[in-house]
Amino acid sequence: MFTSRTKLRTTAAAACVTVALIGLGAGAANAADWPPLKEGAYLYSGAHGTGTVSPVDLDDLGTCHSLSTPSRSVQVVSGSASVVLYPGTGCTGTSAWATGSLAQSDLPWAARSYRVVPA
């Protein structure tokens, strides 16, 4: 009986380790799609940091900027600022989406304008 329990625990532990490793591998593959992190903020016209890149001036707090090309993803590396994105031009729309001061994300909709705010 003791041997059966040991085998069951060993099998369960091996299954947990396998699931964890598969999860880590999937996460690493997903992160590999993005460009490397670098200081500043960048808006991308495609998902996962692809397409046309629009740098964001993190020192221009509060000013609304309309984009000539809508953004589908964002990357921010800053200790003091974050970006609020809007679906409409002129920082309008029914909902806004805010990053943190360290963010790398696809947007829920195409952003057509943004504003930099303190983090």
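On a predicted model such as this, the values are computed, not experimentally measured, just so you know. The figures here come from the full heavy-atom set of this structure, side chains too, leaving out hydrogens, waters and symmetry mates.
Applying the disulfide (SG to SG under 2.5 Å) rule to pairs touching residues 90-119 yields Cys64-Cys91, sequence neighbours excluded. Residue pairs that meet the ring-ring contact (aromatic ring centres under 6.0 Å, His included) test with at least one member in residues 76-95, sequence neighbours left out, do not exist here.
Taking the side chain to side chain contact (heavy atoms under 4.5 Å, CB included) definition, one finds that Thr63 meets it with Asp60, His65, sequence neighbours left out. Looking at residues two or more places apart in sequence or on another chain, you find no side-chain hydrogen bond (donor to acceptor under 3.5 Å, both in side chains) involving Ser80. The side chain to side chain contact (heavy atoms under 4.5 Å, CB included) test applied to Thr89 returns Ser66, Arg112, not counting sequence neighbours. The side-chain hydrogen bond (donor to acceptor under 3.5 Å, both in side chains) search around Tyr42 returns none, not counting sequence neighbours. Remark: Asp57 engages no residue in a side-chain hydrogen bond (donor to acceptor under 3.5 Å, both in side chains) (not counting sequence neighbours). With sequence neighbours excluded, the residues that form a side chain to side chain contact (heavy atoms under 4.5 Å, CB included) with Ala119 are Ser101. Checked against side chain to side chain contact (heavy atoms under 4.5 Å, CB included), Val77 has the following partners two or more places apart in sequence or in another chain: Leu37, Glu39, Leu102.
Applying the under-4.5 Å side-chain rule to Ile, Leu, Val, Met, Phe, Trp and Tyr, the cluster around Leu85 extends to Leu43, Val56, Leu58, Leu61, Leu67, Val74, Val76, Val83, Trp97, Leu107, Trp109, Tyr114, Val116.
Between His48 and Asp106, the closest side-chain pair of non-hydrogen atoms falls below 4.5 Å.
Taking each heavy atom of Gly93 and Pro87 in turn, the nearest pair found is CA-CG, 3.9 Å. For the pair Ala47 and Ser73, the tightest heavy-atom approach, listed with the atom from each and the gap, is C-OG, 4.0 Å.
A donor-acceptor contact shorter than 3.5 Å is absent between the side chain of Gln75 and the backbone of Trp34.
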